[in-house]
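See below for the structure under consideration.
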Amino acid sequence: MNATVPPQDLVERALSVATLPCVLWVTEHAEANLRWANNALITNGEMRSRRLTVTATAEVADGTAAGTVTQEIAGVEEVNAVVSAAEHLAKTARPAEDAAPMVEDYAHNDAWEAPPETTSIDVLGELAKGLGVALDGAHAAQQLLFGFAEHAVGTTYLGSTTGLRRRGVQRTGRLELNGKTADLESSAWLGRSTPDFSDIDVAEAVDELTTRLGWAAKKLNLPPGRYETLLPPSAIADLMIYAYWTGNARDAEEGRNVFAAGDGTTKIGRRLAELPINLTSDPQYPGLETIPFVDFASSLDGTSWAFDGGLPINATTWIENGVLRELIRNRAHATRTGSQPTPPADNLIMDGGGTASLQQMISTTERGLLLTCLWYIREVDPERLLLTGLTRDGVYLVEDGEVVGAVNNFRFNDSPVELLGRISEIGAAELTLCREWNDFFNRTIMPPVRVPDFNMSTVSQAS
Amino acid sequence: MPELDQSFLALPLQALSDAALSNAKELGCSYAEVRVERLRQAYRSFRDHALETTADGQVLGLSVRVVHNGVWGFAADITLSPDSAARLADRAVATAKVSRPLTPASVELADEDLYADATWVSAYEVDPFDVDEAEKTGRVLGLNEVLLAAPGVTHATATLGYVHENKYFANLAGTSTTQQRVRIQAQLTAVSVGDHGFATMRTTAPPTGRGWEHLTGSGWDFDAEVAEIPELLAAHVAAPSVEAGFYDLVIHPSNLFLTIHESIGHATELDRALGYEAAYAGTSFATFDQLGSLQYGSEVMNVTGDRLVDHGLATIGYDDEGVAQQRFDVIAGGTLVGYQLNRQMAAEKGFGRSNGCAYADSPGHIAMQRMPNVSLQPAPDGPSTNELISGVDKGIYIVGDKSWSIDMQRYNFQFTGQQFYKIDKGRLAGQLKDVAYQATTTDFWRSMEAVGGPDTYYLGGAFNCGKGQPGQIAPVSHGSPTALFRKVNVLNTQAEGGQQ
């Protein structure tokens with residue numbers, strides 16, 4: 001087996017043996033990680049993979065069917081079997097409702113001939129040295145550090161029997177740092193999204209954690225209730241990502257998600273927020289670059305993209321000045337409804353024109369809660385998109401513009417869509433790592449927001 | 001009885017193992033293991049009358065994990081050649097060296113017997129990958145059509161997933177195991193859209209360690225369950241909204257398995273109790289100092305962990321550290337008596353031997369402590385579900401799982417379900433809706449007054465339980481009888497959120 005065959009050659013080999021219309025892509029992936037807990041390493045790793053995905057389409061009785069096969073491949077000799085398996089699936093499958101002609105070739109500026117980009121454990125070398133110092137410092141200060149650092153680089157080469165060739169690179173770096181007091185009664189967290197870890201300053205991050213642990217020196221207990229609450233960018237990111245994953249146009253038209261408006265209509269055109277909030281995704285957004293074409297068979301909202309491989313992903317404004325403007329739909333559904341396809345990009349940007357930092361928003365708060373992040377978010381009622389979850393790693397009481405202490409954690413029950421209509425202040429948007437979903441989604445720019453009545457349903461004893 | 005797949009056995013398993021382990025030994029590693037794994041996965045989704053997604057996948061690769069100068073190192077790749085395997089040992093040692101500043105204490109592992117050339121195959125009859133595609137999609141679409149033909153059903157959706165897993169493991173000590181298992185999950189959901197908004201009702205069929213026979217009558221009767229769904233959905237749509245308050249709950253195992261998973265299964269993972277998951281999945285209120293003393297629940301609460309029950313999703317002959325399958329007590333008579341272990345934690349905490357809970361979800365991921373089948377035991381001569389209901393004056397009978405959430409120390413949880421029946425003076429009195437139950441783990445399990453008998457037992461489970469960083473998924477089963485809980489807080493979900 002030979003892992004050195006260029007991925008472009010694998011694409012061409014696969015296309016050369018295809019007997020049916022197909023779109024396929026090879027993704028070269030490399031990642032390295034470090035994980036630590038209780039001031040010591042617990043796991044690490046360096047992993048490499050090469051994955052071929054083939055979607056073949058076939059004319060079958062009563063329509064067109066598709067079959068998708070994804071497989072790790074070590075060499076060119078394995079390509080034929082993957083293509084053959086995808087074609088077999090397509091020929092034996094039932095016709096699809098979302099059938100559409102293959103995406104035709106179109107102009108773009110991709111560097112098709114360029115080799116795949118990569119990473120290794122060495123990217124985390126400086127971080128490890130900095131962490132080693134930080135762990136010693138935490139030990140001396142009777143604090144505990146926990147966390148995870150990961151760098152992953154994926155390069156995708158896509159080709160189709162219509163002549164389309166595209167190449168895209170996605171760099172993903174994340175650092176999560178969690179500090180706790182030795183008695184585990186106080187906890188603080190911060191997350192950083194980074195393309196290459198060159199911008200990570202471990203000492204600065206530890207200083208921020210120390211400040212937050214200092215806020216928790218005074219403990220207060222508060223009952224459940226509806227509180228004026230400052231949601232920092234990480235918390236609002238997790239809620240907006242869930243709303244993004246629910247934005248399926250067909251479901252809305254069929255009356256089965258929160259964006260349904262009845263009688264086959266959706267809430268597109270309706271005002272969701274009083275403030276001029278914009279929610280967009282854009283694969284070319286500086287600092288949040290992601291793959292600019294469809295290289296997935298389905299998206300997390302449930303839309304099937306089996307017939308849309310290679311389709312360009314454009315910048316899309318989902319909410320404009322508080323008004324819902326778009327929902328996610330594939331080409332077949334766009335054709336049926338006389339609209340445009342709207343494939344979702346792997347990033348999300350929320351902005352309301354605010355300029356205040358979180359610290360400035362704290363300073364103008366008479367009495368309210370300041371959250372760190374949200375956790376274990378799950379859907380309770382899809383009709384309203386009522387979500388439940390927990391506050392985590394620091395809930396602070398703000399009085400007269402200052403943090404006066406840490407309070408207990410809460411379970412919340414609230415809807416991000418209803419929340420949009422209740423946001424009373426929006427701060428300056430910034431590069432953000434969400435907490436709950438950062439395994440799957442970690443390219444966001446989000447603002448801190450103020451909500452006058454965030455619903456804390458019960459108290460959680462977790463610290 | 002199925003046999004090990006010849007195409008997996010045809011891989012150069014021994015040569016890969018020899019190359020990696022010999023190089024690791026030369027590099028001075030005190031421990032080294034090789035894992036070659038092939039994971040075949042299939043997913044089909046159906047929307048009303050149509051097949052929406054047809055996707056198959058295969059992951060095949062190898063990994064090397066070492067202890068070098070007392071530090072873990074791990075590396076993985078997809079090239080199955082001896083040269084590549086030897087290079088992986090180099091890379092694993094390289095990660096160990098980079099990690100040295102973060103490792104104040106040397107890694108020690110608990111002893112385990114050697115199992116040379118051991119093999120194991122799970123209890124299934126028909127590999128779903130061997131079944132004709134038209135038969136598989138036809139079966140599920142046929143069930144969807146039954147739903148769509150019923151009055152009150154506006155839409156129907158279904159999913160079908162199945163996995164064929166092969167693992168080869170070898171370590172420097174001389175253990176080598178080759179294993180194979182199959183699992184499957186099918187779910188169907190009926191949707192009602194109307195003036196009431198929209199509502200759903202889903203099957204309660206669990207994922208299981210069986211093959212295609214799961215869809216054709218072995219272990220579950222899909223035809224019978226699907227036939228009941230439209231009527232259950234109509235009753236759900238017409239049901240009154242629950243009045244929030246404290247209720248006695250009779251919980252069917254199709255709901256309780258998930259509460260067991262979240263509030264017992266995860267809470268008794270020793271890596272969580274020791275803080276290894278503190279920054280991500282979380283820790284546990286069931287801290288190590290409470291082993292043997294924590295009153296977790298009432299005296300009728302007996303919970304076991306195992307990796308050997310037939311059709312269990314976590315069942316396997318040997319774990320991903322070469323430890324043989326076992327059954328062990330987690331909670332006995334309501335008291336915490338055991339944790340889930342891997343070899344490092346077993347050594348660290350003086351258990352002598354791991355109870356076999358190491359698992360990696362793919363060749364590219366490191367083995368970590370994952371949940372075995374964690375099950376609540378029935379009372380040998382316990383009551384039937386009807387007898388449990390008859391003992392409730394004002395309560396709710398809950399069937400099927402839906403929404404779940406629990407905090408990072410496994411204290412505060414909130415669950416919903418598929419079906420909620422009002423219990424009035426010992427009898428069922430129609431469905432309720434908008435129900436969620438919310439409790440603190442120990443309060444909840446201490447309020448468990450009775451568990452049903454073996455006839456009420458059901459093996460539920462989760463196909464894709466998440467944990468760890470990088471994130472890994474694991475299949476796990478949970479057996480449970482029906483059980484009775486007193487005075488549990490019930491929310492009305494319509495009253496939650498921002499609508500005041």
Side-chain angles (χ1 to χ4, degrees), chain A residues 1 3 33 35-38 40-50 67-72 74 89 92-94 97 121 125 128 131-132 146-148 176 178 255-256 297-298 304 375-376 378-381 383 386 388-390 392 411 413-415 418 422 439 455 457-458 460-462, chain B residues 50-61 72-81 91 94-95 98-99 101-105 133-134 137 141 155 191 193 197-198 275-276 278-280 364 366 403-409 411-412 414 416 436 438 440 469-471 493 496-499:
Chain A
M1 297 182 184
N33 63 69
R35 194 179 192 205
W36 57 97
N38 299 321
L41 177 90
I42 51 171
T43 62
N44 54 14
E46 181 182 285
M47 294 84 97
R48 297 177 190 283
S49 66
R50 170 183 280 188
T68 300
V69 172
T70 300
Q71 187 169 316
E72 305 280 2
L89 268 189
T92 56
R94 302 281 180 113
E97 286 185 331
I121 194 73
L131 276 172
F146 307 78
F148 180 63
E176 290 194 74
N178 175 211
R256 44 175 160 163
S298 63
S304 170
W375 183 248
Y376 222 123
R378 295 292 183 275
E379 188 175 278
V380 177
D381 179 1
E383 194 166 8
L386 181 72
T388 193
L390 285 305
R392 184 171 184 177
R411 168 174 297 288
N413 279 304
D414 221 317
S415 161
E418 294 173 4
R422 291 158 36 223
D439 279 345
N455 179 33
S457 180
T458 52
S460 157
Q461 294 169 255
Chain B
L51 171 65
E52 188 170 50
T53 303
T54 304
D56 284 2
Q58 176 175 299
V59 177
L60 173 61
W72 281 121
F74 177 82
D77 204 330
I78 58 170
T79 305
L80 302 184
S81 70
R91 295 307 301 165
T95 62
V98 167
S99 306
L102 309 179
T103 309
E133 186 67 27
T137 56
L141 269 178
H155 298 286
V191 183
V193 179
F198 76 99
Y276 295 175
Y280 181 66
I366 202 163
S403 171
W404 73 100
S405 175
I406 188 165
D407 73 31
M408 47 283 179
Q409 285 177 278
Y411 282 116
N412 176 297
Q414 178 176 306
T416 64
Q438 208 178 57
T440 295
Q469 288 180 308
T493 57
E496 296 293 311
Q499 294 178 341

Between [X] and chain A, with a heavy-atom cut-off of 4.5 Å, which part of the residue counts as in contact: side chain, backbone, both or neither?
X       : value
L141(B) : side chain
A75(B)  : both
F74(B)  : both
V193(B) : side chain

Item to check | Heavy-atom pair with the smallest gap, counting every atom of E176(A) and A279(B) | outcome: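 That would be OE1-O, 4.2 Å.
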Item to check | Pair V380(A)-E496(B), side-chain contact (heavy atoms from CB on, under 4.5 Å): steps then yes or no | outcome: CA-CA 10 Å; V380(A) 177; E496(B) 296 293 311; over 6 Å; no
Checklist entry - Between R411(A) (side chain) and S405(B) (backbone), is there a donor-acceptor pair under 3.5 Å? => result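 Between the backbone of S405(B) and the side chain of R411(A) there is a qualifying donor-acceptor contact (under 3.5 Å).
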Item to check | A128(A) portion near chain B, given a 4.5 angstrom heavy-atom threshold | outcome: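 Both parts, heavy atoms under 4.5 Å.
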Checklist entry - Can you say whether R35(A) sits under 4.5 Å from chain B via the side chain, the backbone, both, or neither, judging by heavy atoms? => result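 For R35(A), side-chain heavy atoms alone lie under 4.5 Å from chain B.
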Next on the checklist: I'd like to check D439(A) versus Y280(B) (side-chain heavy atoms, cut-off strictly below 4.5 Å). Are they in contact?
Outcome noted: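 With C-beta onward as the side chain, the pair touches.
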Checklist entry - Does D407(B) reach the side chain of Q461(A), with side-chain heavy atoms less than 4.5 Å apart? => result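 Not touching, per the 4.5 Å side-chain cut-off.
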Item to check | No-hydrogen, no-angle side-chain donor-acceptor test under 3.5 Å, D381(A) and T493(B) | outcome: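 The criterion, which ignores hydrogens and geometry beyond distance, is not satisfied for T493(B) and D381(A).
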Next on the checklist: Whether the N33(A) and Q469(B) side chains hold a donor-acceptor pair (N or O, under 3.5 Å, no angle test) is what I'd like checked.
Outcome noted: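 Q469(B) and N33(A) do not have a side-chain donor-acceptor pair below 3.5 Å.
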Item to check | Separation between CG of L386(A) and OG1 of T416(B), rounded to the nearest 0.5 Å | outcome: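 Answer rounded to 0.5 Å: 10.0 Å.
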Next on the checklist: Evaluate E46(A) against V98(B) for side-chain contact (heavy atoms from CB on, under 4.5 Å), listing each step before the verdict.
Outcome noted: CA-CA 11 Å; E46(A) 181 182 285; V98(B) 167; over 6 Å; no
Checklist entry - Quick one: of V59(B), T53(B), D56(B), who has the most non-hydrogen atom pairs under 4.5 Å with chain A? => result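 Going by pairs under 4.5 Å, I would pick D56(B).
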Checklist entry - Pick from P470(B), G73(B), A105(B): which one has the most heavy-atom pairs with chain A under 4.5 Å? => result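 Going by pairs under 4.5 Å, I would pick P470(B).
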